[in-house]
**Q** 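Following this message is one structure expressed as structure tokens.
Atom set for the values below is all heavy atoms of this structure, side chains included, hydrogens, waters and symmetry mates excluded.
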Amino acid sequence: MEKIKIRNYESEEYHKFWQNRKTIYLDRMERKLIKPLLSAGDWFIDIGGGYGRLLNIYQKSYKHIIIQDYSLSMLQDAVKYFKTNNITNVTLVASDVYSLPFRNNVFDEGIMIRTLHHIQNIARVFKEIHRIFQQDSIFICEFPSKIHILERIRYILGRSKKNIYSLDPCEVREMFFNFHPKYVIENAENYFNIIQILGGGILGINAILSILPKPELVDCLFNRIMGKYRLSPHIFLKMKPIPTDRSIS
């Protein structure tokens, strides 16, 4: 049986990650891009949702919300925040994404942001996620691309040692993978129909961030082009599950 490693962020480490100029921009970009893709419903899941960083873009639109994560410390931080702010429609679940503790056909909508890049076996994860969604649901998944425009330029200039055009995942550091979009899309399409491909995060350079006050607005203007031509460091897939004869277990 395949031995699977799991990357576990502790809360303090992850909070620090979002405190510099570049990651603040990326946080704003993700919110601007993701929110219009969501609608409303009964059951929503944020897979790998940590301490609830993106909670305010979906919390008021769904009756029941699950935030799933492997890190207990991040979920404990979420508990403190929810109690302080009297948030009552969110349930926190500690589990790994390879074996989600939910029945089949439960969720109307969901997201998985900044989680796929820690996954060794994405085919297995897409299969498991497909199981828990209703057939007319919407699922949004983000992943880092290894063929974005800056990486292509580095490759042409001989400044990149990795073969960016190989479909094999590139482990840039332990348990942190960059993917060729074709590789992710081919695996996702075994279980989901892809409705939309968007891109973002292309302006995450300090020289640009120091000039533009709201670079995330530029992302929103060009996210379709960046997704279509795979130009951006971050790719977002809006998907619907492929219908199957799944029975509720």
**Q** Hey, what's the ring geometry for F143 with F179, parallel, tilted or perpendicular (30° and 60° as the breaks)?
**A** perpendicular
**Q** Quick check for you: to the nearest 0.5 Å, what is the distance between E189 atom CD and N193 atom CG?
**A** 8.0 Å
**Q** Could you tell me the separation between the CZ atom of R230 and the CD1 atom of I235, rounded to the nearest 0.5 Å?
**A** 6.5 Å
**Q** Got L116 and C141 here, is their nearest side-chain heavy-atom distance under 4.5 Å?
**A** yes
**Q** Less than 3.5 Å apart, any donor N or O on the side chain of Q68 or S95 sitting next to an acceptor on the other?
**A** yes
**Q** Show your reasoning for whether side-chain contact (heavy atoms from CB on, under 4.5 Å) applies to V172 and F177.
**A** CA-CA 6 Å; V172 294; F177 301 95; over 6 Å; no
**Q** Can you tell me if D108 and Q134 form a side-chain donor-acceptor pair at under 3.5 Å?
**A** yes
**Q** Distance alone, cut at 3.5 Å: any donor-acceptor contact between the side chains of Y98 and N121?
**A** no
**Q** For Q59 and N89, test the side chains for any donor-to-acceptor distance below 3.5 angstrom and give the result as yes or no.
**A** yes
**Q** Indicate, with yes or no, if the rings of F139 and F133 have centres closer together than 6.0 Å.
**A** yes
**Q** Name each donor-acceptor pair under 3.5 Å that joins a side chain in residues 196-207 to protein atoms two or more places apart or in another chain, with its distance.
**A**
none

**Q** State, with a plain yes or no, whether a side-chain heavy atom of L237 is found less than 4.5 Å away from one of E142.
**A** no
**Q** To the nearest 0.5 Å, tell me how far I65 CD1 sits from Y58 OH.
**A** 6.5 Å
**Q** Please find out if less than 6.0 Å separates the ring center of H64 from that of F44.
**A** no
**Q** What verdict does the side-chain contact (heavy atoms from CB on, under 4.5 Å) test give for Q120 and M175, after you've listed the backbone C-alpha separation in whole Å, the side-chain angles of each residue and the deciding distance to 0.1 Å?
**A** CA-CA 8 Å; Q120 281 184 304; M175 290 303 295; 4.0 Å; yes
**Q** Distance to the ring centre below 6.0 angstrom and angle to the axis at most 45 degrees; does that hold for R173 and F176?
**A** yes
**Q** Hydrophobic clusters here meaning ILVMFWY residues chained together by side-chain heavy-atom distances under 4.5 Å, can you tell me if L37 and L217 are in one?
**A** no
**Q** Can you list everything that forms a side chain to side chain contact (heavy atoms under 4.5 Å, CB included) with H180? Sequence neighbours excluded, please.
**A** K146, I147, L167, K182, Y183
**Q** Distance-only check: which donor-acceptor pairs under 3.5 Å involve side-chain atoms of residues 75-82, not counting sequence neighbours?
**A**
{"unit_1": "D77", "atom_1": "OD2", "unit_2": "S11", "atom_2": "OG", "d": "2.4"}
{"unit_1": "D77", "atom_1": "OD2", "unit_2": "H15", "atom_2": "NE2", "d": "3.1"}

**Q** Using the ring of each side chain (for Trp, its six-membered ring), is W18 parallel, tilted or perpendicular to Y14, with breaks at 30° and 60°?
**A** perpendicular
**Q** Scan side-chain atoms only and decide if N56 and R31 contain a donor-acceptor pair under the 3.5 Å cut-off.
**A** yes
**Q** Measure the shortest side-chain to side-chain distance between I132 and N105 over non-hydrogen atoms and say whether it is less than 4.5 angstrom.
**A** no
**Q** Have E128 and S99 got a donor and an acceptor in their side chains that come within less than 3.5 Å?
**A** no
**Q** With a 3.5 Å distance limit and no angle check, can you tell me whether Q135 reaches the backbone of T244 through a side-chain donor-acceptor pair?
**A** yes
**Q** For Y51 and D69, which I'm curious about, is there any donor-acceptor pair between the side chains at under 3.5 Å?
**A** no
**Q** More than 12 foreign heavy atoms under 6.0 Å from CG of N85: is that the case here?
**A** yes
**Q** How many angstroms lie between CZ in R159 and CG in L150, if you round to the nearest 0.5 Å?
**A** 12.0 Å
**Q** With rounding to the nearest 0.5 angstrom, report the CE to OG1 distance, M29 to T23.
**A** 11.0 Å
**Q** Does some side-chain heavy atom of L38 sit less than 4.5 Å from a side-chain heavy atom of S61?
**A** no
**Q** Is there a side-chain contact between E30 and R114, using heavy atoms and a 4.5 Å cut-off?
**A** yes
**Q** Is it true that atom OH of Y70 has more than 12 heavy atoms of other residues, nucleotides or ligands lying nearer than 6.0 Å?
**A** no
**Q** What class does the angle between the rings of F107 and W43 fall in, given that below 30° is parallel, 30 to 60° is tilted and above 60° is perpendicular?
**A** perpendicular
**Q** In terms of hydrophobic clusters joined by side-chain contacts under 4.5 Å, are I195 and Y229 together?
**A** yes
**Q** Could you tell me whether K32 and D219 make a salt bridge, using a distance below 4.0 angstrom between a side-chain N and a carboxylate O?
**A** no
**Q** Return the CD1 to OG distance between I225 and S232, rounded to the nearest 0.5 Å.
**A** 11.5 Å
**Q** Is the closest side-chain heavy-atom distance between I57 and I34 below 4.5 Å?
**A** yes
**Q** Give the minimum heavy-atom separation between Y62 and A40, together with the two atoms involved.
**A** CE2-C, 3.5 Å
**Q** With a 4.5 Å cut-off on side-chain heavy atoms, are S160 and E151 touching?
**A** yes
**Q** Would you say that I129 contacts L100 through its side chain, given a criterion of any heavy-atom pair below 4.5 Å between the two side chains?
**A** yes
